[in-house]
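For reference, the structure discussed in these notes is given below.
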Amino acid sequence: MARYEQVQGTVALITLTNPPVNALSAAVRLGITETVTRALRDPEVKSMVICGENGVFCGGADIREFAKPMSGPPLVPMIAAIEEGEKPVVAAIEGAAFGGGLELALGCHYRIAHSKARVGLPEVTLGLLPAAGGTQRLPRLIGLAPALDLITTGRHVTAQEALKLGIVDQVTDQSALDLAIQFAQQVVGQPLLPRKLSTRQTPCPPDVDGLLEETMAQVKQRARGAMAPIACVQAVRAAATLPYQAGMQKEQELMATLFHSSQARAMQYCFFAQRAVGRWSLSSGAHSGNSKPRPVSKVAVIGLGTMGRGITVALVKAGMSVLAVETNKKQLEIGKQMVSAMLKHDAQKRNATPRLDLLHFTIDLLELKNTDLIIEAVFEDMALKKQVFKELSSVCKADAFLCTNTSGLDVDELAAVTKRPELVVGMHFFAPAHVMKLLEVVHGSRSSPEAVATAMHLGKRLGKVSVLVGNCAGFVGNRMLKPYLEQANFLLEEGATPELVDGALEEFGFPMGVFKMSDLSGLDVGWRIRKEAGLTGPNVDPRDPPRRRQGRRYSPLPDLVCEQGRLGQKNGRGWYLYDKPGGRVATPDPSIHKFLEEYRIKHGISPRQIDRQEVVERCLFALINEGFRSLDDGIAAGPEDIDMIYVFGYGWPRHRGGPMFYAGMVGLPRVLTRLEHYRQAHPEVPHLEPSPLLRRLVASGSPPINKWRDFLQRPHSQL
Ligand SMILES: CCCCCCC[C@H](O)CC(=O)SCCNC(=O)CCNC(=O)[C@H](O)C(C)(C)COP(=O)([O-])OP(=O)([O-])OC[C@H]1O[C@@H](n2cnc3c(N)ncnc32)[C@H](O)[C@@H]1OP(=O)([O-])[O-]
Ligand SMILES: NC(=O)c1ccc[n+]([C@@H]2O[C@H](COP(=O)([O-])OP(=O)(O)OC[C@H]3O[C@@H](n4cnc5c(N)ncnc54)[C@H](O)[C@@H]3O)[C@@H](O)[C@H]2O)c1
């Protein structure tokens, strides 16, 4: 797994050969150990170059091995042997050098990178820390502050930035390997000691303690309960305050705690799940391996509201030509100003030029005749969307794909008004669409594999995690959100406050609780949907008691809050009070507390003491329960799809792996028992009735998550 050659007479070339990313499996580590030993012993060899096959240096430790018993030579002594050897070693970095891959390169005495290469220590995103000396060598090389940044965020660094930071010694547009071989010959005989990072002092600012304290405070706030970023700061602190060997000891101790943690398991599950959801399949037998996307170069976006603007920005940033359509000149001008400002702002942050040349604006649908793919983002109104789809079907070229960004309307109903239902799919972006990484691609009953493949591929081009889902009200994400929101409202009725509920959910790891999130989205959005569904407003069945609708318990609290003119952040008053309209700082509002008290008195409810555990269980187990139903209905293909939807679209903390993974961690029998308990206490809430799939899984001994698919009633039936 490591090839050995002698080149240019005196250079030993060691090539890592473990496709696709040359991960440091046991066999690769053995290969490196043996070849380095051979090169050090061979008197003809004066220097060495280490590179990776197929244009990738190394993707780091083999993550798949983490779940198995350790075998093969460990990384730390292997890298130490390279650094301690008395022959210069040059790392030729092409493609990527991540995690253990960069740590291996840091053990080498010199690093040459190709201009397109990227380096980084992303272990923190896997719930770990760089434990092959990365936390000790990188600070010694580039200084305390930049090392803290790189290691606690795990961000990828371009070759140019790596050169600026001093991580690499040279960058080339030509072959990094050729330059490294040349370089390896030139440095023979030069003193090696200064190149051995373990012998250096970490460059530190005068107030080391101040920097470390400040970083720790920031990291804790960002971490939302994740342990790894905190351990990263502790390990890097050791590089600034302890001798190298003691620092290495600290690194190992901290890693030992993280390595077996449930958080690390959750984050590594996310790593593979993110890749697995790209491999979609349909009940027809079509799948990502046998269905080709059609090339798309010209895209149109219909409607430049909140979503249309974000989608347009995302498309332009991906280098695509976009025709943006509005209803009238005034709306078009507003949209144009906003999109241009967003692109300029984004370009400024990246020190780049905004690609305004890719943008075209029109109010004339006839201009769409050459467009390859259209994304509709007009108001959430079925009649309007049908009218738009009918027009699109007649003006666009016959093979153009027609996509809708609807949050939950029936994609089949829209497809039915067109002459090409097979080319209609949902592309459900999340707000803000140029920032959020999730894209739900909705497969209608007549969508062709080519349409699915094209939408999934377009999502990938936009840097999104595309997840294929079936067509039902709310698809997967919003369908599961419904019982979650419902439970939160019930908890308010029963005695909780918005800040108690939000506090519990934020402590769990969400960036914001359900009421803050609703204030941010605008409370009128849900109000409008509930009015249309006949849950509030003039269409309510007059025979329904105030807290019952359509045969089940209903909380009118959100409707009453809207009726008071409290629409959320946009007008400065919602479940919380804001400093100003559009303000972001939420403060608890005594008038909301008073309103809740009066509501309870009016409806004869005696408030109870509600604890955080109940909040988490009622809100999240209800959501998870709906996840099991979505799986059993064939709306979601597998638990990984649901988990990626929640991690990338709804702020589910990655270190808890997603709702379905979390259910497995809590234990399916416990989730079932608690749902049964709450269902008994609230018999009028059908969402709390445990799903048949959950019952089947528990009855079968609660198999691990990767076996759940075997228990589905109708796998993929809606896909
Ligand atoms: C006590 C024990 C002490 C241990 C010491 C630890 C030392 C160290 O600090 C820990 C680490 O290095 S932690 C590691 C730190 N390193 C990282 O976090 C880097 C992780 N990797 C990446 O970020 C990306 O893969 C690249 C950017 C490298 C390539 O991107 P791209 O070109 O878009 O390709 P792609 O689609 O992403 O991947 C292609 C296939 O390769 C697979 N695979 C990839 N890396 C793997 C790995 N390390 N392993 C296994 N497999 C890995 C991937 O799953 C996929 O296969 P699938 O069957 O389809 O699932
Ligand atoms: N806002 C969100 O968080 C969110 C998230 C995901 C999906 N969605 C969905 O995206 C769609 C758009 O939502 P939004 O929040 O951007 O709405 P919005 O009200 O902000 O914008 C809708 C825009 O469509 C324009 N429009 C209306 N009819 C049109 C027509 N015939 N031709 C061209 N333009 C027309 C309007 O002028 C307006 O600018 C909806 O289906 C919504 O459910 C919204």
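We count ligands from 1, going down the list as the structure has it; atoms in each ligand are counted the same way.
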For this session: Using the side chain to side chain contact (heavy atoms under 4.5 Å, CB included) rule, take L150 and L121 through it: C-alpha gap first, then chi angles, then the decisive distance, then the call.
Result: CA-CA 7 Å; L150 257 57; L121 293 175; 5.9 Å; no

For this session: List the steps and the verdict of side chain to side chain contact (heavy atoms under 4.5 Å, CB included) for K385 and T404.
Result: CA-CA 9 Å; K385 285 192 193 276; T404 174; 4.2 Å; yes

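Contacts between T125 and ligand 1, counted as non-hydrogen atom pairs separated by less than 4.0 Å, are absent for every part of the residue. Counting heavy atoms closer than 4.0 Å to ligand 1, residue V21 contributes side-chain atoms (C-beta onward) but none from N, CA, C or O. Counting heavy atoms under 4.0 Å from ligand 2, residue L384 touches it through the side chain alone. When heavy-atom distances to ligand 1 are checked against a 4.0 Å cut-off, L126 comes that close only through its side chain, counted from C-beta outward. Contact annotation: for L409 versus ligand 2, there are no heavy atoms closer than 4.0 Å. Proximity of F430 to ligand 2, defined as any heavy-atom pair under 4.0 Å, is not found for any part of the residue.
Inclusion of E103 in the set of residues having an N or O under 3.5 Å from an N or O of ligand 1 is warranted. Of the N or O atoms in G59, one or more lie within a sub-3.5 Å distance of an N or O in ligand 1.
Every heavy atom of E65 sits 4.0 Å or more from the atoms of ligand 1. For P20, the closest heavy-atom approach to ligand 1 falls below 4.0 Å. F379 counts as a contact of ligand 2, since one of its heavy atoms falls under 4.0 Å from the ligand. By the 4.0 Å heavy-atom criterion, H428 is counted among the residues contacting ligand 2. Contact between A377 and ligand 2 is present, with at least one heavy atom of the residue lying under 4.0 Å from the ligand. The closest approach between K385 and ligand 2 falls below 4.0 Å for a heavy atom of the residue.
Ionic pairing of K386 and E391 is not present here: no N-O contact between side-chain nitrogen and carboxylate oxygen is shorter than 4.0 angstrom.
Using a 4.0 Å threshold on non-hydrogen atoms, atom 34 (O) of ligand 1 does not count as touching the protein. Within a 4.0 Å radius of atom 19 (O) of ligand 2, the protein contributes one or more non-hydrogen atoms. The presence of a protein heavy atom under 4.0 Å from atom 2 (C) of ligand 1 is confirmed. Counting only heavy atoms, the protein gets under 4.0 Å from atom 48 (N) of ligand 1.
Each of the atoms 54 (O) of ligand 1 lies under 4.0 Å from some heavy atom of F272.
Aromatic rings from Y650 and F430 are positioned such that their centres are separated by under 6.0 Å.
When Q331, M338, M307 are checked for heavy-atom proximity to atom 14 (P) of ligand 2, M307 turns out nearest. Compare K330, E326, R309 by their heavy atoms: the one nearest to atom 25 (C) of ligand 2 is in E326. When T406, N405, V378 are ranked by how near their heavy atoms come to atom 40 (C) of ligand 2, first place goes to V378.
A cation-pi contact, defined as under 6.0 Å to the ring centre and within 45° of the axis, is absent between R479 and F475.
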